[in-house]
Amino acid sequence: MSVERAFRASLREELLRSGVSPYPHRLSLGYVPIRDIVSNRRVGEAVSTAGRVASMRRHGGLIFSDLVDDGFKIQLSLDLSVVGNERFEWFIKYVNLGDFINVAGDLFYTHKGELTINVREYCLLVKALRSPPVKWGHKILDTEVRYRKRYLDLMMSPQVRRIFEVRFNTIAEIRRFMWERGFIEVETPILQPVYGGATAKPFITRVHSLGEDWYLRIALELYLKRFLVGGFNKVFEIGKNFRNEDIDVQHNPEFTMMEAYQAYVDYEDIMRLIEELISNVAERVLNTTKVNYPVGGSEVEIDLRPPYRRVRMVEGLREFAGVDVEGLSDDEMKSLLRKHDLLIPGGYDRGRAIVKLFDKLVGEHHLIQPTFVMDFPASSSPLAKPHRTDPKYAERFELYIAGMELVNAFTELNDPVIQETYFRNEEERRKLGDAEAHPYDWDFVEALEYGMPPAGGLGLGIDRLVMILTGQTSIKEAIPFPMLTRSM
RNA sequence: GGGCCCGUAGCUCAGCCAGGUAGAGCGGCGGGCUUUUAACCCGUAGGUCCCGGGUUCAAAUCCCGGCGGGCCCGCCA
């Protein structure tokens, strides 16, 4: 490596001495994207383009080379009899794999039928001091290198590039969908004096000018609801959340959520909104609502077309685990928890116990096709409105796909007195050892006291949606620069 | 927090079990070759064997500790 780098650095020096810039400011030969050239083949026509030299195959006085530009590739041929001896030799001496060049020439098809630019002129644009780690189109296999130096992963592998094209198209389509339905995209603070909107451990950061420790947000929820109080009826935000918890195949400490809140609707309306959103986005991004996803070692076809199955949490436990929690006494619940090695931080609570059992016995294993799990126990949902027919439950649901939780949504709690009670309960649980209990947010309660319209809201994990749409089982594959330990 | 696997050339890996001169292919560089596309042929350079300690005449190899990565479980939305 160091030998090769030194060699290329010496070429750079030679170029500078000879008055040729190894990093010119502008393209001297013009530029049409390779994407446009290959999609609009006009054989015989003169074209100019630019890109990275991805391969070279020399046959005496003829060099075939592949030029890659913005994910598209075209073959060049450099013919000694066309460019002349001097420019031919210069190319061999000074142009290496990984360099960027600007070329002008004529389009033709080779004997093998490949569209090729017969180069008349060329110009070096960038002298790369390091060569590409693998041949273009081949995957780097060392996962650590792929994550730490994602630019190489993107550079070398069209499949990896494709994942991120899907990711950013997905975000664009979500945005378009929400705008089309009249939602306004807003911004809320990432740095917050009180975190909230989810149960998670936060990152703490120092605000020097205030002399205070603040938090990086763990959710968007409480500030978006303040928009509802302020009179906005339909708002959404796409942004990063930060949760100071474990890193694994479904969790990255920094991850992307879309949250949306709509006045005058309930969680039933939100279910329909989500069905439309996800199927619409899949259709737009993939041209299909059917995706293949590995589940338990084999590919399963998942159909994102509505309607999605709706199942109450207690019914799910009955159907998939054979447990009728509504018929169990607290003592029976506790022994069931013990049997499955489940602990409840902050002490036993019937609602939380039901959720624990559901997560353990049902969640990942059974909910492969899109399924709304409805009606969580009220005590597990301090920001959701109690159920209209049974206040032991909350009007809350989660959407599961491929065993992953993608969406969490409620009919939003807008009674400030109940909200205050829930916050107090959470504070009590915190004192009893539940580090992830929801903090008390006085200002939010005060906002509710001014009146928040009845509303439905949702949070969608975008990284996980991208995993589903691209068939990836690790969230690191769906995040461009996933979090890894600093050192290498 | 627990378990399993991995770390050797730019890349992919062999060598480790059973200690004795650091290897191959690809890539790089030099040469040859005017229709190749994982081009081909000849030659050649390239090493902190993840780090530290121990055992030994001798450690990539055995032992201990650490670091980094992957996966599974626990915890967690």
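Note that this is a predicted model, so its numbers are computed, not measured.
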Quiz item: In terms of the nearest nucleotide of RNA chain B, which residue is placed more toward the 5' end: A:P132 or A:S474?
Solution: A:P132
Quiz item: What is the distance, rounded to the nearest whole Å, between atom CZ of A:F88 and atom C1' of B:G32?
Solution: 13 Å
Quiz item: For the pair made of CD in A:E398 and C1' in B:C76, what is the distance, rounded to whole Å?
Solution: 12 Å
Exercise. Ignoring the backbone of A:D246, work out which of B:C75, B:U35, B:C76 is nearest its side chain.
Key: B:C75
Quiz item: Is A:K93 paired with A:E14 through a side-chain N to carboxylate O contact shorter than 4.0 Å?
Solution: yes
Quiz item: Can you find a side-chain donor-acceptor pair between A:T256 and A:R167 that sits under 3.5 Å?
Solution: yes
Exercise. May I ask which nucleotide in the shown strands pairs with B:U48, Watson-Crick or G-U wobble, both distances under 3.5 Å?
Key: none
Quiz item: A:T110 near the nucleic acid: base, sugar-phosphate alone, or nothing, with a heavy-atom cut-off under 4.0 Å?
Solution: base
Self-check item: Spacing of the C1' atoms in B:A22 and B:U61 (rounded, Å)
Solution: 12 Å
Practice problem: Please check the phosphate of B:G69 (OP1 and OP2 only) for any side-chain N or O of A:T485 closer than 4.0 Å. | Solution: yes
Quiz item: Can you check whether A:R57 has a side-chain N or O nearer than 4.0 Å to OP1 or OP2 of B:C40?
Solution: no
Quiz prompt | Interatomic distance where NE2 belongs to A:H59 and C1' belongs to B:U37 [whole Å] | solution = 8 Å
Quiz item: In whole Å, what separates the P atom of B:G2 from that of B:G65?
Solution: 13 Å
Practice problem: Output the single nucleotide from B:G69, B:C75, B:U37 whose closest atom is nearest the side chain of A:D66. | Solution: B:U37
Quiz item: RNA chain B: A:L484 or A:K356, which has the more 5' nearest nucleotide?
Solution: A:L484
Quiz item: Within 45° of the six-membered ring axis of A:F372 and under 6.0 Å from that ring's centre, is NZ or CZ of A:R310 located there?
Solution: no
Self-check item: Carboxylate-amine/guanidinium contact A:D463 A:K240, below 4.0 Å
Solution: no
Exercise. Please test A:R272 against A:D269 for salt bridge (charged side-chain N to carboxylate O under 4.0 Å, His left out), starting from the C-alpha separation and ending with a verdict.
Key: CA-CA 5 Å; A:R272 285 187 286 276; A:D269 300 301; 3.0 Å; yes
Quiz item: Separation of A:H340 atom NE2 from B:C73 atom P, in whole Å?
Solution: 16 Å
Self-check item: Polar side chain donor-acceptor pair, A:Y261 to A:E237, under 3.5 angstrom
Solution: no
Exercise. Identify whether any heavy atom of A:R396 sits under 4.0 Å from a base atom; if not, whether one sits that close to sugar-phosphate; answer base, sugar-phosphate or nothing.
Key: base
Quiz prompt | Phosphate OP1/OP2 of B:G69: any A:K476 side-chain N/O under 4.0 Å | solution = no
Quiz item: What is the distance from NE2 of A:H251 to C1' of B:C72, rounded to the nearest Å?
Solution: 15 Å
Quiz item: What does A:Q250 touch in the nucleic acid at a heavy-atom separation under 4.0 angstrom: a base, only the sugar-phosphate, or nothing?
Solution: nothing
Quiz item: In whole Å, what is the span from the CZ atom of A:R464 to the P atom of B:C76?
Solution: 14 Å
Exercise. Mark yes or no for a side-chain to base donor-acceptor pair under 3.5 Å between A:D142 and B:G69, with no hydrogen or angle criteria applied.
Key: no
Exercise. Could you state the atom-to-atom distance from CG of A:N252 to P of B:G69 in whole Å?
Key: 13 Å
Quiz item: Any salt bridge between A:E436 and A:K201, counting N to O under 4.0 Å?
Solution: yes
Quiz item: Is A:R161 salt-bridged to A:D153, cutoff N-O under 4.0 Å?
Solution: no
Quiz item: What integer distance in Å separates A:L62:CG from B:G32:P?
Solution: 16 Å
Self-check item: Minimum-distance nucleotide (side-chain atoms of A:Q75 versus B:G74, B:U37, B:C11)
Solution: B:U37
Quiz item: Using 4.0 Å as the upper bound for N to carboxylate O, is an ion pair formed by A:R396 and A:E398?
Solution: yes
Exercise. Establish, yes or no, whether the cationic atom of A:R312 lies under 6.0 Å from the six-membered ring centre of A:Y393 and within 45° of the ring axis.
Key: yes
Practice problem: Could you work out the separation of B:G10 and B:C64 based on their C1' atoms and round it to a whole Å? | Solution: 33 Å
Self-check item: B:C62 - base-pair partner by Watson-Crick or wobble geometry, distances under 3.5 Å
Solution: B:G54
Quiz item: Rounding to the closest angstrom, what is the interatomic distance between B:A38 and B:U48 at atom P?
Solution: 33 Å
Exercise. Scan A:L342 against the nucleic acid and name what it touches under 4.0 Å (heavy atoms): base, sugar-phosphate only, or nothing.
Key: sugar-phosphate
Practice problem: Once you apply the 3.5 Å cut-off to both distances, tell me the Watson-Crick or G-U wobble partner of B:G1, or none. | Solution: B:C73
Self-check item: Same-atom distance (P) from B:A45 to B:G53, integer angstrom
Solution: 32 Å
Quiz item: If you look at every strand shown and take non-hydrogen atoms under 4.0 Å, does A:I63 touch a base, only sugar-phosphate, or nothing?
Solution: nothing
Practice problem: Please measure how far the P atom in B:G68 lies from the corresponding atom in B:G30, and state the result in whole Å. | Solution: 40 Å
Practice problem: Could you measure between the two P atoms, the one in B:C5 and the one in B:G47, and give it in whole Å? | Solution: 32 Å
Self-check item: Quiz item: A:D79 side-chain donor-acceptor pair to B:U34 base, under 3.5 Å
Solution: yes
Just the table, please: protein N/O against nucleotides 28-31 of chain B N/O, every pair under 3.5 Å.
unit_1, atom_1, unit_2, atom_2, d
B:C29, OP1, A:N96, ND2, 2.7

Self-check item: Distance, P atom - from B:U12 to B:G27, rounded to whole angstrom
Solution: 15 Å
